[in-house]
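For reference, the structure is listed below as structure tokens.
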Amino acid sequence: MDASTIGLVAFGLVILLLALRVPIAFVLAGVASVGTFLIYAFRSGEFSPERAINPTSSMVVNSFFELIHSYDLSMIPLFVALGNIAYHTGITTRIYDAANVWLRRVPGGVSVASLMGCAGFSAISGSSIACASTMGRICVPEMLRLGYNPRLATASVAAGGTLGSLIPPSVLFILYGIFTETSISKLFLAGILPGLLTLLGYILVVFWWTSRDPSAAPVDPTPVAPGARLRAAIAAWPAVLLFSVIIGGIYGGLFTATEAAAISVVLTILIGFLERSLTLRTMWIAIRDSLIQTSAIFLIAACAKIFVSFVALTGAAGMVSQWVADAGFSPLVLMLAISLLYLFLGMFLDPVGIIVLTLPFVIPLVSNMGMDLIWFGVIVVKLLEIGLITPPVGLNVFVIGNVTDRSIRVDDIFAGVTRFLAMDIVVLAILILVPAISTFIPNGL
């Protein structure tokens with residue numbers, strides 16, 4: 001049996017098993033192992049299973065070992081721990097608190113504050129799901145109390161939560177950098193302007209929504225106490241400090257992304273104990289949660305590495321690349337096809353699953369076209385971000401539905417999210433047509 005045929009059949013089998021909700025780690029490792037075994041067993045033209053045992057075992061063990069011993073992988077537990085510790089110290093929500101005080105008397109101001117709060121949370125945690133969950137518990141009840149339209153209240157936080165994928169630090173950027181062997185520091189920097197552009201687009205959606213329907217976001221009549229705005233702005237200093245350390249340190253060449261993560265974790269712990277907002281008990285809870293979350297990511301990444309090695313062995317990616325080259329597709333047509341693929345997969349699969357499943361096939365395509373892998377990484381993460389609010393499996397929408405008023409139907413949240421999805425498509429088109437938005441800052445590194 002031809003190796004490339006086995007590779008393409010294996011890819012289809014992976015999609016089928018994932019659609020059946022089989023855990024992705026088991027799917028990737030299982031299909032890759034069986035596929036590798038078949039390739040070596042049929043290498044002589046006849047089925048010889050005894051010849052396949054040793055090379056298959058060697059491939060699985062070496063791939064797993066190579067991934068787990070990656071220095072860049074150490075960023076994931078550090079940034080996950082940073083987000084959890086910062087959450088338990090209350091740092092992650094202070095941007096929202098400050099923005100809420102300043103904007104609550106503006107039409108749609110609390111919704112805009114929730115978006116800014118999501119951006120601030122994202123700049124520390126790097127997790128879209130955690131951002132949506134935490135901000136949903138805080139922001140949505142406040143907006144509903146003020147009489148906001150439930151669709152606007154829930155959709156703005158669900159959309160804002162996706163910023164955790166694009167605004168650094170981002171776990172998806174780390175995984176992309178590891179699997180494509182590109183600079184994670186440059187990926188972090190590349191995500192800044194696209195993240196801010198997305199935030200601006202979401203804010204414009206809120207203002208457009210409230211201008212057409214003022215009753216969707218009543219202005220809070222409660223007067224702001226004297227000095228409250230200044231106190232709220234000052235209270236946000238830890239979040240600003242941590243973001244400055246991560247981005248300023250990387251851009252200034254003071255330390256690597258891994259070192260920035262470690263320094264930020266230490267700073268967060270010190271701030272928590274100095275402000276007495278962190279105790280040994282809450283610190284243990286944060287570390288425990290970080291270990292659980294990191295273990296899940298590591299298992300998926302290690303199994304994905306096995307799948308990547310299998311794809312390389314089959315030569316299927318090279319065959320697809322040659323087919324695209326022979327077809328004479330332009331870079332723009334190729335990007336349109338890749339975007340449609342990611343948008344389709346985003347309707348059914350989670351972001352980590354999509355990124356580890358597709359990169360072995362799409363990276364050779366874009367590399368052969370001479371595209372910038374840093375810019376392409378931003379596009380991929382933006383597409384994954386869109387998938388988080390795309391029906392029928394938009395994870396952020398279901399997260400918001402689970403942590404807020406159960407009387408609000410998921411269908412209503414999806415209906416509200418459509419406006420933000422439309423803006424996401426506009427931003428995606430801008431990022432594809434104007435690569436300089438993504439490459440301007442990292443090219444200065």
Let me have the donor-acceptor pairs involving side chains of residues 330-345, under 3.5 Å, with sequence neighbours excluded, atom names and distances please.
unit_1 : atom_1 : unit_2 : atom_2 : d
Ser330 : OG     : Val333 : N      : 3.2
Ser339 : OG     : Met335 : O      : 2.7
Tyr342 : OH     : Thr358 : OG1    : 2.5

Which residues share a side chain to side chain contact (heavy atoms under 4.5 Å, CB included) with Thr390, sequence neighbours left out: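 Partners of Thr390 by the side chain to side chain contact (heavy atoms under 4.5 Å, CB included) criterion, ordered by chain and then number, come out as Met347, Ile386, Leu421.
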Does any part of the side chain of [Y], heavy atoms only, come nearer than 4.5 Å to the side chain of [X], both counted from C-beta?
X: Pro391; Y: Val410; result: no
X: Val110; Y: Tyr96; result: yes
X: Asp372; Y: Pro435; result: no
X: Thr182; Y: Leu187; result: yes
X: Ser63; Y: Val308; result: no
X: Leu28; Y: Ile306; result: no
X: Thr89; Y: Glu275; result: no
X: Val60; Y: Phe37; result: no

Test Trp102 against Met116 for side chain to side chain contact (heavy atoms under 4.5 Å, CB included), laying out the working first. CA-CA 12 Å; Trp102 281 83; Met116 297 180 68; over 6 Å; no
Can you tell me how far the [atom1] atom of [X] sits from the [atom2] atom of [Y], to the nearest 0.5 Å?
X: Leu115; Y: Ile95; atom1: CG; atom2: CD1; result: 13.5 Å
X: Ile76; Y: Gln293; atom1: CD1; atom2: CD; result: 12.0 Å
X: Ile413; Y: Thr418; atom1: CD1; atom2: OG1; result: 12.5 Å
X: Ile441; Y: Ile250; atom1: CD1; atom2: CD1; result: 12.0 Å
X: Met283; Y: Arg288; atom1: CE; atom2: CZ; result: 14.0 Å
X: Phe414; Y: Thr154; atom1: CZ; atom2: OG1; result: 11.0 Å

Does Met59 have more than 12 heavy atoms from other residues, nucleotides or ligands lying within 6.0 Å of its CE?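 More than 12 heavy atoms, drawn from other residues, nucleotides or ligands, come within 6.0 Å of this atom.
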Please determine whether the number of non-hydrogen atoms from other residues, nucleotides or ligands lying under 6.0 Å from atom CG of Leu280 exceeds 12.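 Atom CG in Leu280 is not packed in, count stays at 12 or less.
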For Lys305, check salt bridge (Lys or Arg N to Asp or Glu O under 4.0 Å) against everything at least two apart and list the hits.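 Salt bridge (Lys or Arg N to Asp or Glu O under 4.0 Å) check on Lys305 returns Glu66.
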Kindly give the heavy-atom pair with the smallest separation between [X] and [Y], and that separation in Å.
X: Ser128; Y: Gly164; result: OG-C, 3.5 Å
X: Val356; Y: Pro360; result: O-CD, 3.6 Å
X: Arg94; Y: Pro238; result: NH1-CG, 3.2 Å
X: Asn396; Y: Gly161; result: ND2-C, 3.4 Å
X: Ile174; Y: Asp72; result: CG2-O, 4.1 Å
X: Ser156; Y: Met143; result: OG-CE, 3.8 Å

Aromatic Trp208 / basic Arg419 pairing, under 6.0 angstrom, 45° off normal: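 That pair does not qualify as a cation-pi contact.
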Given 3.5 Å as the limit, does a donor-acceptor pair link the side chain of [X] with the main chain of [Y], or not?
X: Thr282; Y: Thr279; result: yes
X: Ser170; Y: Ile167; result: no
X: Thr162; Y: Ala159; result: yes
X: Ser58; Y: Pro55; result: no

Do the ring planes of Phe361 and Phe11 sit parallel (below 30°), tilted (30 to 60°) or perpendicular (above 60°)?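 Phe361 and Phe11: perpendicular rings.
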Donor-acceptor pairs under 3.5 angstrom involving side-chain atoms of residues 129-141: please list them, not counting sequence neighbours.
unit_1 : atom_1 : unit_2 : atom_2 : d
Ser133 : OG     : Arg137 : NH1    : 2.7
Thr134 : OG1    : Ala130 : O      : 3.0

Verdict with reasoning, Leu384 to Ser165, per side chain to side chain contact (heavy atoms under 4.5 Å, CB included): CA-CA 8 Å; Leu384 297 174; Ser165 299; 5.8 Å; no
Give me the one residue out of Ile430, Val434, Leu428 that meets side chain to side chain contact (heavy atoms under 4.5 Å, CB included) with Ile432.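 Only one option passes, and that is Leu428.
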Side chain to side chain contact (heavy atoms under 4.5 Å, CB included) evaluation trace for Ile178 with Ile184: CA-CA 8 Å; Ile178 291 173; Ile184 296 175; 4.3 Å; yes
Residue pairs, two or more places apart or on separate chains, that pass ring pair (Phe, Tyr, Trp, His ring centres under 6.0 Å) and touch residues 175-205: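 Residue pairs with at least one partner in residues 175-205: Phe79-Phe188, Tyr202-Phe420.
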Name every donor-acceptor pair, under 3.5 Å, that has one atom in a side chain of residues 373-383 and the other anywhere in the protein, sequence neighbours excluded.
unit_1 : atom_1 : unit_2 : atom_2 : d
Trp375 : NE1    : Leu431 : O      : 3.0
Lys382 : NZ     : Thr198 : OG1    : 3.0
Lys382 : NZ     : Glu385 : OE2    : 2.6
Lys382 : NZ     : Asp424 : OD1    : 2.6

Show your reasoning for whether side chain to side chain contact (heavy atoms under 4.5 Å, CB included) applies to Leu17 and Val31. CA-CA 10 Å; Leu17 292 174; Val31 171; 4.0 Å; yes
